[in-house]
2 protein chains.
Amino acid sequence: MTVKLSDIAEAAGVSVMTVSNVMNGKRARVSQQTIARVQEIADRLGYVPNIPARSLAASRSHIVGALVPVGENNSLLVSPHTVAVIGGIEQHLRHHGYHVLLRGIEHEGEIGQAIRGWSLDGAILVEFTDAEIDRIRIDGVPLVALDSYSANPRTIGVRTDDHRGGWIAGALLMDAGHRHVLFAGPPYEGMGVVGQRFEGFRSACLAAGIPHDAIGSERVLTTFEDGRELGRRLRRDHPEVTGVFATADVLAIGIMAGLAESGVRVPDDVSIVGFDDLDISAYTSPGLTTIAQDMPAKVAEAARIILDEIEKGEGPRAPVSLGVRLVERGTVGSPRASA
Amino acid sequence: MTVKLSDIAEAAGVSVMTVSNVMNGKRARVSQQTIARVQEIADRLGYVPNIPARSLAASRSHIVGALVPVGENNSLLVSPHTVAVIGGIEQHLRHHGYHVLLRGIEHEGEIGQAIRGWSLDGAILVEFTDAEIDRIRIDGVPLVALDSYSANPRTIGVRTDDHRGGWIAGALLMDAGHRHVLFAGPPYEGMGVVGQRFEGFRSACLAAGIPHDAIGSERVLTTFEDGRELGRRLRRDHPEVTGVFATADVLAIGIMAGLAESGVRVPDDVSIVGFDDLDISAYTSPGLTTIAQDMPAKVAEAARIILDEIEKGEGPRAPVSLGVRLVERGTVGSPRASA
DNA sequence: CTGAAAGCGCTAACAT
DNA sequence: ATGTTAGCGCTTTCAG
């Protein structure tokens, strides 16, 4: 029923190995003649390589796992950002003959199981916390940790230059003349993505000469709702604040909504800077000024690293930080004299 | 290095087959004693089944493909809706011992190749057009086509009850007293998702007694931008229209933005109904009145069908339509007397 | 309830 | 430049 190498070999009057070599592009070992003939027959017969067989024999699968943490009962609801990354990586890998296995991870041990069980050639770890990445003890397989600052030498971090993004946001607010600012982001431990953004922001503010205690901070979840709630009470809880930096656009947009509800105008009364540059960020009114990540570069870089490690076997390498870019729209202005 | 069945067999003093049976839950064939002993040893040794080997021997892979059409140069940028579906299905399948292979399809032939090459146990086709689904000629593997109305007997459609959704939207506008309405959706051929929604909408309007030519229609892409553009010129191009039904919330939200820009008030001057109930739809002001899909049901249903077909070998079955629900927020009101 | 034999389709490591 | 020999780790089939 299904055509296999031996069928082609027979039809071409050569050995199975020759066909195998042709199919795998090891053309150096076969004459042009044979290559052409074998290729032609394979095409005519509609040969499709059997991937499990190949994986078993070669003990490499041409599969890269996209591993995503997931609670027992929630489906892996990856963020739009993550989706874009995985999709992009799928494309890169596919063009190089690799495939992507999407796998939710409920317990940490499953990472190793997935890698061994599937003979994964590599894995990209998405949305894990730095603490989780730190705990990984798997060698021999390229592991790319997206948006991680873990120092685990077994993994390679690929992330945005969050510190710089924070700095830019801070500098922007400082340049506009704000002297009382607020950082809004999720609770965090260590210097992960959020920590980096905060530090960058803080540094820029301090460098501009405003005092320590003029930099407030609010721990809120990265959701529209939490943002709205903060927006509603901003005036009350932080009367002197005229500039806000939110670690995510969803949050920033929520804050804008809350602010609007409580009669505070953006950017007349309060300026806001977001992070991410989501599609919707261009559609709010005023349009959200935000820090954009270089997504295509991030994707390309992650794919390139995995591929290089798999094929060239390059050892663990340095983490990579991708650039950020300020997208100025309408949510930043100068603080009013009265403020 | 890696533990295999034979290692366990040796340690337990039984044959490989017995271990295999235990590992596969064919407990009927093995005594409790042995099961316990084998299980214990397997756990202690940290046995992880080799999936390629299993696939090769059994010629079934425990893999379900998530197939998504993709242009040569664009990465598979699936919609948030699709992502949620795939994520949900991954969870269901994983709990039943299956896995999801994410695969972009550039040419139709790749569908068959993927299935044969991987010995996929099933596939879920996502975001294909009905025309593409129609052309599929693959037998012997359960194929679930998401949001498809194709009559191809080789595939099973799982979709929302779009016709009913359209009807509800139409009825809502009719009940509010609108007499000149507009349908806004992407160009389509045949009775796919969009066609169904339109027909449902149209029927409700006609049933309410308004004439044929009081139901306008605009072909616009399902994007914020196209919606905005339509919103801006709505008054000019359709001066009599007081109610709009958009086939997607993004589109509806774009229309609202365009309307706002041109000084038209929602719902005072124009009412709008969307479809999908995205997160952001609750955050516009006024909140978007829309038709919500029953996502969890859709996911569960798709997973259940695939699983049933794989395990019980149930033949092709009837397509499934999931319910819709009206979510009333603030974008529908009565047309002004003057209109 | 348990086991022995055979082979899934392919590739690595030597031959030739 | 091509062929041979051995498996990869598991399951199927058929015998006990």
Side-chain angles (χ1 to χ4, degrees), chain A residues 1-39 41-42 45-63 97 113 115-121 313, chain B residues 1-39 41-42 45-63 97 99 113 115-121:
Chain A
M1 173 58 241
T2 122
V3 234
K4 44 195 167 190
L5 288 188
S6 58
D7 297 328
I8 301 175
E10 195 171 348
V14 296
S15 82
V16 175
M17 261 329 286
T18 303
V19 182
S20 168
N21 283 132
V22 172
M23 299 320 281
N24 289 39
K26 303 201 199 302
R27 278 125 186 286
R29 318 194 154 205
V30 190
S31 75
Q32 287 304 325
Q33 299 262 335
T34 347
I35 292 184
R37 191 153 37 93
V38 168
Q39 196 60 268
I41 297 182
L45 263 41
Y47 172 70
V48 177
N50 179 313
I51 288 154
R54 171 186 290 178
S55 302
L56 178 57
S59 59
R60 42 185 312 239
S61 57
H62 284 92
I63 306 180
Q113 288 179 20
I115 292 175
R116 284 169 48 198
W118 289 88
S119 314
L120 293 186
D121 288 352
Chain B
M1 170 57 242
T2 121
V3 255
K4 45 195 168 193
L5 288 190
S6 57
D7 297 329
I8 301 175
E10 195 171 348
V14 295
S15 83
V16 175
M17 263 327 291
T18 301
V19 182
S20 170
N21 283 131
V22 173
M23 300 320 282
N24 290 42
K26 302 199 200 301
R27 279 123 185 287
R29 317 193 156 204
V30 190
S31 74
Q32 287 303 326
Q33 299 262 335
T34 343
I35 292 184
R37 190 153 37 94
V38 167
Q39 196 59 268
I41 298 183
L45 263 40
Y47 172 71
V48 178
N50 180 314
I51 287 153
R54 170 186 290 178
S55 302
L56 178 57
S59 61
R60 33 181 324 236
S61 58
H62 284 94
I63 307 179
H99 295 98
Q113 288 179 22
I115 291 174
R116 285 170 45 198
W118 289 87
S119 314
L120 293 186
D121 288 351

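Naming: A, B, ... by sequence-line order, numbering from 1 per chain.
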Rounded off to whole Å, could you give me the [atom1]-to-[atom2] distance for the [X] and [N] pair?
{"X": "B:M17", "N": "D:dG9", "atom1": "CE", "atom2": "P", "answer": "17 Å"}
{"X": "B:Q32", "N": "C:dT2", "atom1": "CD", "atom2": "C1'", "answer": "15 Å"}
{"X": "B:E10", "N": "C:dG3", "atom1": "CD", "atom2": "P", "answer": "13 Å"}
{"X": "A:L5", "N": "C:dG7", "atom1": "CG", "atom2": "P", "answer": "18 Å"}
{"X": "A:H62", "N": "C:dC10", "atom1": "NE2", "atom2": "C1'", "answer": "13 Å"}
{"X": "A:R116", "N": "D:dC8", "atom1": "CZ", "atom2": "P", "answer": "17 Å"}
{"X": "A:N24", "N": "C:dT11", "atom1": "CG", "atom2": "C1'", "answer": "8 Å"}

With a 4.5 Å cut-off on side-chain heavy atoms, are [Y] and [X] touching?
{"X": "B:Y47", "Y": "B:L5", "answer": "yes"}
{"X": "B:L45", "Y": "B:I8", "answer": "yes"}
{"X": "A:K4", "Y": "A:N50", "answer": "no"}
{"X": "A:R54", "Y": "A:P49", "answer": "yes"}

Worksheet entry | B:T18: side-chain hydrogen bond (donor to acceptor under 3.5 Å, both in side chains) partners, not counting sequence neighbours | B:S15
Taking only the side-chain nitrogens and oxygens of [X], find out if one of them lies under 4.0 Å from OP1 or OP2 of [N].
{"X": "B:N21", "N": "C:dC1", "value": "no"}
{"X": "B:Y47", "N": "D:dC10", "value": "yes"}
{"X": "A:T18", "N": "D:dT2", "value": "no"}

Worksheet entry | Per-nucleotide pairing state of DNA chain C [Watson-Crick or G-U, under 3.5 Å; [ ] pseudoknot-crossing; | other strand] | ||||||||||||||||
Worksheet item: Does A:S61 reach the main-chain N or O of A:S119 with its side chain, forming a donor-acceptor pair under 3.5 Å?
Response: yes
Worksheet item: Do the side chain of A:S55 and the main chain of A:I51 share a donor and acceptor less than 3.5 angstrom apart?
Response: yes
Practice prompt. Name the nucleic acid region contacted by A:V16, choosing base, sugar-phosphate or nothing; use a 4.0 angstrom heavy-atom cut-off, strictly under.
Written response: base
Item to complete: Just call it for B:T34: base, sugar-phosphate, or nothing, with non-hydrogen atoms closer than 4.0 Å on any strand.
Response: sugar-phosphate
Worksheet item: To the side chain of A:S15, which of D:dT11, C:dC10, D:dT2 is closest?
Response: D:dT2
Item to complete: Check B:V3 against B:G46 and note the closest heavy-atom contact, atom names and distance.
Response: CG2-O, 3.4 Å
Worksheet item: Can you list, by residue number, the residues of residues 50-60 of chain B that have a non-hydrogen atom closer than 4.0 angstrom to DNA chain C?
Response: B:L56, B:A57
Item to complete: Check step by step if side-chain contact (heavy atoms from CB on, under 4.5 Å) holds for B:V22 and B:Q39.
Response: CA-CA 7 Å; B:V22 173; B:Q39 196 59 268; 4.1 Å; yes
